[in-house]
Amino acid sequence: MSADDSSSIVEKTQYVGGDVVSVLLPLPLGTTYDYLVDDGQILGIGDFVDVPLGTARTRGVVWGPATGDVSRERLKPVAGQLDTAPLPAESAAFVSWVSRYTLSPPGAVLRMAMSVPEALDPAKTTTAFTLRADPPSFKSTPARERVIAVLNDGPPRTASDLAREAGTSPGVAKGLLAAGVLETLSIAAAVPPVPHFETAGPTLSAAQKTAADTLCRAVQDRGFAVHVLDGVPGSGKTEVYFEAIAATLRAGRQALIMLPEIALSAQWRNRFTERFGVKPFEWHSDVTRARKRDTWRALTKGGPRVVVGARSSLFLPYPDLGVIVADEEHEAAYKQEDGVIYNARDMAVVRARISDIPVVLASATPSLESVVNASAGRYNTLHLPERHAGVALPDVELIDMRTDKLPAARWISPTLREALRKTFDKGEQAMLFLNRRGYAPLTLCRDCGHRLQCPNCSAWMVDHRLLGRLQCHHCGYSMSLPHKCPAETCGAEDSFVACGPGVERLAEELTTLFPDIRHTLAASDTIHSPRTAEALVRAIENHDVDVIVGTQIVAKGYHFPLLTLVGVVDADLGLSGGDLRAAERTYQLLYQVAGRAGRAQHPGRVMLQTYLPEHPVMAALASADRRTFMATETRARKATGMPPFGRLAALIVSGKDEARVDKAASALGRAAPRHEGVQVFGPAPAPISLLRGRHRRRLLLKAKKDVPVQAILKQWIRSARIPKKIRVQVDVDPYSFM
Ligand code: ADP
Ligand code: ZN
């Protein structure tokens, strides 16, 4: 290619009246649309614009030069340019990348990046007071002097801020204004304070220091790199990545920390505030819309320097990101399962590559994907082998439930009961872990065996006694317990019995065994907001409870000094089913739960009730041998060509009409790609074959690592000609097989 040729394909950076641009709209549309740039407009890529769409107007982003799909005469002009900073080029590149990888329409991904469109409206300005340069003489009072001292010492303040800081009534500032000593000016929303990065953290241990130094250097040098921060619970991973955040702030850039359960992480939030002197900006489902609007708006101006959030925080318009931390990187919660289906941990790596910055994946039980990437040399591993201050990790004991027999309708074995008694006698705390919400997972008729099922889903109704209702955990449908069995041939009265335990039932058993001990239930039904999470933490820290009965919601991150016994009631629960990661996930979850026991000066003890004591997961937990377990898992995945050694993508076909769903699924089956290194399984009914009233079928594509999966999937779905009423969801790298 000659120099002359290349000049013709250079994208313009400015488009003026008469040019044509393509605009991406935050709607699930397959393509961008072309618009004419009007006279007097000067547009650049990334600019937010108002454009006509049908009879309405909508907002979008200038995405690039004209696509030329529509002839020039038929184009409509851009209606207006919004007075905000453009979408950063790195954010736009990320939107395109995620769209291509997940096969979601680019507009659907842009919608995640523009989740609060009102942030594009002009911000309301507020009036602030400041000192005049040459004030006239005036009558001095102590209150007036205090107001002047505050303003002498900092930026302009609103009347209420000024009154609060000077300890006066708002009238004092107004009096000074009237006297010509102060003047007002309009300011946009206050610039948020920069976290205090110069405050020193704790003195780090040698291993912590090595890890922290590596991360700080990576932040200073920029450049894309993935660091797996692999350390047992309590080894100081958070302290170490706090150093990387401080280094990022020192360099004047922004930091993003992703935490899967940030809304509930009261302890994390407090630690951040203690260390950095200000609150982090939060971004998750519990943040109000107004606050999100302000954060989004401030971000485009480079305001918030540290954001902590859930998956969606990746899509914010950071102008100058310097580091991303994905804490608890192994968590399945990083996978978004509806709408645009993506794994935020993986996309964090992509986002970091686009910005050419380091990313930290922190976990006590790194995912097999990360471990394999590290051993292949693609990721760097930072080990923190010990708990801070040498506190020992708890011993894990297996309780063999084949010999430690349970009485009928009881779930706490004699061995665990004895251990609980000893713990309570010493005045220490215990946790009983069972990953099942409610009272009982199944309710059936004693007379005919009829099981209460959700009318919208292929799932049992779960008894929630605290609510006095039965609930479907998939669609939220609820009902009261029927007085009569609804089975046509039965009709027996008061014949329903609860089968199996949930946390509520376990709490009931505890009360029977230990009438005087105080328990608290910790499941998403009771712990669902920052406020309830903080109340729980406080109750445990203040020793207002003796035992926590909880689901996976209590598995992560918490430190409770008096908690010395963890009993896992059904350690085998996650092992059944056809999930590729069942063993890995069970190991990770139980290891995390075990990590709650024994901190500070009290050694901990963990007991797992299992019917499968020889299972590799149980053996690994009991012998504290993660390495062997992961090596065995890795070999199995390699032998079967499963991820990360091969690739998977699922198609989920769904619709209201079962026959049509079957027809579409069969059509997909017939159109299955015949490509070297690709296998297709199915269609088969999904394990949850009915969900929210929609029938579901699944197909699974398995491919060798180097196969261009996206191109094949695209071609496949197009060729099967799916009718409009049938939805086909594409799940690249599936985590859920339900
Ligand atoms: P992790 O994130 O690996 O679970 P944390 O960073 O939460 O570990 O550390 C566990 C506890 O030990 C925290 O209370 C933390 O403040 C404390 N800690 C860790 N490292 C140090 C250190 N070097 N000096 C003082 N306290 C530390
Ligand atoms: Zn349901």
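In each ligand, atom 1 is the first atom listed, and ligand 1 is the first ligand listed.
Under the side-chain hydrogen bond (donor to acceptor under 3.5 Å, both in side chains) criterion, Arg351 pairs with Ser355, not counting sequence neighbours. For Asp395, the side chain to side chain contact (heavy atoms under 4.5 Å, CB included) test picks out no residue, with sequence neighbours left out. By the salt bridge (Lys or Arg N to Asp or Glu O under 4.0 Å) test, Asp657 pairs with no residue at all, sequence neighbours left out.
Defined by atom type and a distance below 3.5 Å, a donor-acceptor pair is present between the side-chain atoms of Gln588 and Glu584. Inspection of the Ser478 and Arg469 side chains reveals an N or O donor paired with an N or O acceptor under 3.5 Å. Side-chain contact, Arg345 with Ser367: a donor N or O sits under 3.5 Å from an acceptor N or O.
Those atoms of ligand 1 that come under 4.0 Å of a heavy atom in Gly236, given as number and element, are 1 (P), 3 (O), 5 (P), 6 (O), 8 (O), 9 (O), 19 (C). Near Val232, meaning under 4.0 Å from one of its heavy atoms, ligand 1 places the atoms 3 (O). Shown in contact with Thr203 at under 4.0 Å from a heavy atom are these atoms of ligand 1, numbered in order with element: 22 (C), 23 (N), 24 (N). In summary, the atoms of ligand 1 found under 4.0 Å from a heavy atom of Glu239, numbered by their order in the structure, are 6 (O), 15 (C), 16 (O), 19 (C), 20 (N). Close contacts of ligand 1 with Thr238, meaning ligand atoms under 4.0 Å from a residue heavy atom, involve 2 (O), 6 (O), 7 (O).
Checked for salt-bridge contact, Glu243 and Arg275 meet the test: a charged N lies under 4.0 Å from a carboxylate O.
When the options Lys237, Arg271, Glu274 are ranked by their closest heavy atom to atom 7 (O) of ligand 1, first place goes to Arg271.
Under a 3.5 Å cut-off, the side chain of Glu504 and the backbone N or O of Arg465 do form a donor-acceptor pair.
At least one N or O atom of Gly234, backbone or side chain, sits closer than 3.5 Å to an N or O atom of ligand 1.
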(message) For a side chain to side chain contact (heavy atoms under 4.5 Å, CB included) check, start with the C-alpha distance between Leu470 and Trp460, then their side-chain angles and the critical distance, and finish with the verdict.
(response) CA-CA 9 Å; Leu470 291 106; Trp460 309 128; over 6 Å; no
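Ligand 1 lies less than 4.0 angstrom from a heavy atom belonging to Ser235.
By the neighbour-count criterion of 12 heavy atoms within 6.0 Å, atom CD of Glu488 is sparsely surrounded, having that number or fewer from other residues, nucleotides or ligands.
Protein atoms that are N, O or S and lie under 2.8 Å from the Zn ion (ligand 2) are these: Cys454 SG, Cys457 SG, Cys472 SG, Cys475 SG.
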